[in-house]
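What follows is a short report on a single structure.
Here the structure is a predicted model, which means the values were calculated and not measured. Just so we're on the same page: letters track the sequence lines, and every chain starts at 1.
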Protein chains: 2
Amino acid sequence: MITVKHVAQAAGVSPGTVSNTLTGKRPVSAKTRARIFQAIEELGYKPNLLARSLVNRRSHFIAVITSEIDQFGPSRILSGIEAQAEELGYSLLLSLMRDPSQADVESTITNLVARGVDGIIWAVHQVGNNRRWFTRERRKKLPPIVFVTMEPKPGFTIINSNNRAGAALAVNHLIDTGCRVIGHISGPLDWWEARERLTGWRQSLAQAGLENTDDLVARGSWSAESGEAALHQLLSQRSDIDSIFLGNDQMAIGALQAAHRRGYTIPHDLALVGFDNIPESRYLWPPLTTIHQGLFEIGKVALQTAHDAIEYPDEFIAKQITHQPELIVRESTGVVHSSGQA
Amino acid sequence: MITVKHVAQAAGVSPGTVSNTLTGKRPVSAKTRARIFQAIEELGYKPNLLARSLVNRRSHFIAVITSEIDQFGPSRILSGIEAQAEELGYSLLLSLMRDPSQADVESTITNLVARGVDGIIWAVHQVGNNRRWFTRERRKKLPPIVFVTMEPKPGFTIINSNNRAGAALAVNHLIDTGCRVIGHISGPLDWWEARERLTGWRQSLAQAGLENTDDLVARGSWSAESGEAALHQLLSQRSDIDSIFLGNDQMAIGALQAAHRRGYTIPHDLALVGFDNIPESRYLWPPLTTIHQGLFEIGKVALQTAHDAIEYPDEFIAKQITHQPELIVRESTGVVHSSGQA
DNA sequence: TTGTACGCGTTATCAC
DNA sequence: GTGATAACGCGTACAA
């Protein structure tokens with residue numbers, strides 16, 4: 001292995017001067033610098049970043065803890081995080097939680113801290129009480145932590161999507177296209193996001209003076225399979241439903257299939273709106289109207305925020321950033337009645 | 001920050017003894033060990049893994065380089081890698097290539113090596129000539145590298161799925177269900193996997209004495225959108241096609257939509273088989289017959305193999321491991337005619 | 001069984 | 001502008 005010493009010897013200087021040349025923190029004369037660069041080139045020297053981290057107390061590692069990476073949401077967020085990490089010169093340490101609800105936070109976090117990470121991005125979906133580990137006292141001893149997709153809480157830095165507003169977009173669009181009995185297939189209600197979307201559905205209907213009773217709601221588990229079952233359940237509860245807002249696109253896939261099996265024509269017999277705008281949603285039959293969240297952007301912002309907290313620890317104060325989702329209109333909902341066009 | 005010195009002082013011993021207690025490489029008397037553990041507990045000491053890596057010349061980092069993490073295949077493989085990494089005590093360093101075909105391999109790899117990774121898993125799909133950087137001379141200077149999803153090559157350690165065999169499963173199933181004019185919608189042919197699946201299609205038809213001419217093939221780009229276009233193209237080339245083997249499930253989604261738009265009933269008018277067994281495939285309309293690859297398992301094996309190469313560098317020799325895919329029969333193909341049942 | 005001294009590769013400090 | 005020296009936190013010969 002080639003070290004600074006070898007380079008220094010080859011260039012006829014001291015190791016310190018080599019370091020100064022590389023970091024640029026102290027001036028080095030043009031000609032010695034040229035000699036050093038030449039020696040580096042000839043020897044193929046690369047600085048050992050581990051050693052550098054040790055003395056600098058800055059590893060340029062950021063840990064990402066997430067789960068269900070084969071789902072659309074988490075993978076999209078991770079992509080955004082990685083893109084920004086590359087931009088800012090960080091390497092990503094990836095940890096996956098197998099069961100987000102009973103994660104062994106303690107061992108995961110302490111291991112990452114022992115690795116010397118500069119910051120942590122916690123992108124595990126909020127399920128049940130799985131963020132209770134992060135007490136104020138514990139966080140004080142940790143590097144900066146940015147939370148993604150979590151309920152707002154004072155003192156926490158959180159990057160979020162406005163799930164209620166997304167639900168409102170979906171429900172209001174259904175109302176605009178003439179629907180009057182609007183059901184909801186929710187995600188599991190121990191998930192914060194599922195509760196938010198349910199609340200958004202409920203509030204929008206209340207504002208419009210439409211029904212929002214419990215028999216208009218069925219509960220799924222995010223999977224296509226559960227969407228299928230929930231659709232059957234919902235229609236048996238209330239046969240007069242003319243449209244459904246679904247908690248995510250996966251469940252919408254299952255619901256579409258179930259609707260086909262029942263011989264429904266969509267959107268004529270039943271209008272459907274999903275949530276997430278997964279790539280496939282555009283190619284379902286019929287193409288799915290859905291809510292787009294800028295998850296890639298959320299990932300980028302999360303890493304940028306972690307960087308800010310690392311780089312300027314004194315100025316940085318806990319903050320919350322919320323992204324607004326947007327409506328993507330496709331063929332699983334009807335033409336707008338009130339004034340606009342589809 | 002608490003270090004060995006603090007612990008040593010608190011326990012009234014020398015730093016070396018603390019280290020011996022932790023690593024267990026030298027015997028320590030029971031009572032001093034008890035004192036040391038107590039001091040560790042009280043101080044909340046955690047060994048600095050960066051410093052340990054520096055002196056041990058073993059970081060327990062493994063780098064994973066992949067791309068398109070929001071696609072099913074790569075994310076599934078990554079999950080498997082991570083699971084096994086956790087099992088064996090490695091931390092994962094994640095790098096994503098934005099454009100796999102013209103990746104800047106040099107800078108990515110050298111950065112990871114400078115980070116002191118013990119091994120590298122290259123899980124970027126083989127596109128064009130994007131592995132040409134890995135010459136024998138370059139690899140000799142690098143930590144062990146395991147390649148995933150690549151064309152076999154002597155001297156390379158590669159974990160693979162048998163794409164040809166998968167294609168054969170698909171085509172033979174179509175033949176068994178009475179299809180005689182079997183088209184293929186391929187992935188982009190600069191991808192090795194796309195070529196393999198095409199070859200498997202061609203060989204299986206040849207063996208069965210059926211047509212496999214070029215007008216039975218249309219080329220897609222893996223996306224649902226391209227599957228839609230390819231289906232129209234294929235049917236305009238050959239109106240007598242009774243079934244299609246598709247290079248992946250995404251394209252099958254698009255093709256299904258296109259078939260619906262043309263008023264086809266599936267599988268009666270057209271039978272379809274996909275490739276990948278993405279979670280949604282079961283909930284398409286109709287549920288999609290497809291080929292399952294054990295990508296999670298492939299990920300696990302890749303990391304295990306990297307570990308073997310790291311741990312036993314002398315015994316380890318380059319090897320290739322190929323997983324056999326399996327057929328998942330659903331409703332997008334008909335009932336088996338020859339002898340079996342669906 | 002335990003303490004001492006040094007090395008891992010780098011940067012920071014202090015002289016010159 | 002440059003060179004010696006110490007230090008980051010840990011492991012490990014070597015000596016005791």
Side-chain angles (χ1 to χ4, degrees), chain A residues 1-37 39-40 43-61 89 91 110-118 143, chain B residues 1-37 39-40 43-61 89 91 110-118 143:
Chain A
M1 169 173 261
I2 309 292
T3 75
V4 265
K5 290 187 181 174
H6 299 122
V7 175
Q9 191 170 10
V13 294
S14 75
T17 306
V18 176
S19 176
N20 291 335
T21 306
L22 253 29
T23 63
K25 296 191 179 173
R26 303 252 171 255
V28 176
S29 79
K31 56 184 176 188
T32 60
R33 178 165 24 179
R35 280 215 314 281
I36 288 170
F37 275 129
I40 287 174
L43 296 172
Y45 166 75
K46 295 288 169 193
N48 181 325
L49 298 184
L50 250 42
R52 188 176 276 181
S53 301
L54 188 60
V55 53
N56 279 345
R57 298 159 160 291
R58 276 285 247 109
S59 65
H60 289 272
F61 283 133
S91 287
T110 55
N111 178 51
L112 292 170
V113 172
R115 292 279 191 189
V117 298
D118 293 336
Chain B
M1 167 173 265
I2 310 292
T3 75
V4 267
K5 288 186 183 175
H6 300 121
V7 175
Q9 191 169 10
V13 294
S14 74
T17 306
V18 176
S19 176
N20 292 334
T21 306
L22 252 29
T23 62
K25 296 191 179 174
R26 304 247 172 257
V28 177
S29 79
K31 56 184 176 188
T32 60
R33 177 164 26 178
R35 281 214 315 281
I36 289 170
F37 275 129
I40 287 174
L43 296 173
Y45 167 74
K46 295 288 169 194
N48 181 325
L49 298 184
L50 249 42
R52 188 176 276 182
S53 300
L54 190 60
V55 53
N56 280 345
R57 297 157 163 294
R58 276 284 246 108
S59 64
H60 289 271
F61 283 133
S91 287
T110 55
N111 179 49
L112 292 170
V113 172
R115 293 278 191 190
V117 299
D118 293 336

(request) Under 4.0 Å between any heavy atoms, over every strand shown, what does A/Lys25 touch: base, sugar-phosphate, or nothing? Just pick one. (result) sugar-phosphate
(request) Using a cut-off of strictly less than 4.0 Å, decide whether B/Arg26 has a side-chain nitrogen or oxygen near OP1 or OP2 of D/dG11. (result) no
(message) Let's see if you can work this out: which of D/dG11, C/dG9, C/dT11 has an atom nearest to the side-chain heavy atoms of A/Arg52?
(response) C/dT11
(message) Can you give me the closest heavy-atom contact between B/Ser14 and B/Ala8, atom names plus distance?
(response) C-CB, 3.6 Å
(message) Once you apply a heavy-atom cut-off of 4.0 Å, does A/Asn20 come out as touching a base, just sugar-phosphate, or nothing?
(response) nothing
(request) Name the closest nucleotide to the A/Thr32 side chain, picking from D/dT2, C/dA12, D/dG11. (result) D/dT2
(message) Measuring from the side chain of B/Ser14 (C-beta onward, heavy atoms only), which nucleotide among D/dT12, C/dT4, C/dT10 has the closest atom?
(response) C/dT4
(request) Please check the phosphate of C/dT2 (OP1 and OP2 only) for any side-chain N or O of B/Ser29 closer than 4.0 Å. (result) yes
(message) Once you apply a heavy-atom cut-off of 4.0 Å, does A/Pro47 come out as touching a base, just sugar-phosphate, or nothing?
(response) sugar-phosphate
(request) Give a yes/no answer on whether the side chain of A/Thr17 brings an N or O atom under 4.0 Å of OP1 or OP2 in D/dG1. (result) no
(message) Classify A/Thr23 by what it touches in the nucleic acid, base, sugar-phosphate, or nothing, heavy-atom distance under 4.0 Å.
(response) sugar-phosphate
(message) Regarding A/Val28, tell me which of base, sugar-phosphate or nothing describes its non-hydrogen contacts under 4.0 Å with the strands shown.
(response) sugar-phosphate
(message) Students often get this wrong, so: under 4.0 angstrom with heavy atoms, is A/Gly12 touching a base, only sugar-phosphate, or nothing?
(response) sugar-phosphate
(request) For residues A/Arg35 and A/Val13, determine if any side-chain heavy atom of one lies less than 4.5 Å from a side-chain heavy atom of the other. (result) yes
(request) Assign B/Thr3 to base, sugar-phosphate, or nothing according to its heavy-atom contacts below 4.0 angstrom with the strands shown. (result) sugar-phosphate
(request) Look at all strands and tell whether B/Ser53 reaches a base, only sugar-phosphate, or nothing, counting heavy atoms closer than 4.0 Å. (result) nothing
(message) Exactly one of A/Thr21, A/Thr17, A/Thr23 should register a side chain to side chain contact (heavy atoms under 4.5 Å, CB included) with A/Ser19. Which one does?
(response) A/Thr23
(request) May I ask you to say what B/Val13 touches in the nucleic acid, namely base, sugar-phosphate or nothing, with a heavy-atom cut-off under 4.0 Å? (result) sugar-phosphate
(message) Quick check on C/dG9: is either OP1 or OP2 less than 4.0 Å from any side-chain nitrogen or oxygen of B/Arg57?
(response) yes
(message) Does atom CZ (A/Arg26) have a neighbourhood of more than 12 heavy atoms from anything else shown, all under 6.0 Å?
(response) no
(request) Between B/Gly16 and B/Leu54, name the one whose nearest nucleotide on DNA chain D is closer to the 5' end. (result) B/Leu54
(message) So which atom in B/Ser59 and which in B/Asp118 form the shortest heavy-atom distance, rounded to 0.1 Å?
(response) N-OD1, 3.0 Å
(request) Using heavy atoms to find the nearest nucleotide of DNA chain C for B/Val55 and B/Pro15 separately, return the residue whose nucleotide is more 5′. (result) B/Pro15
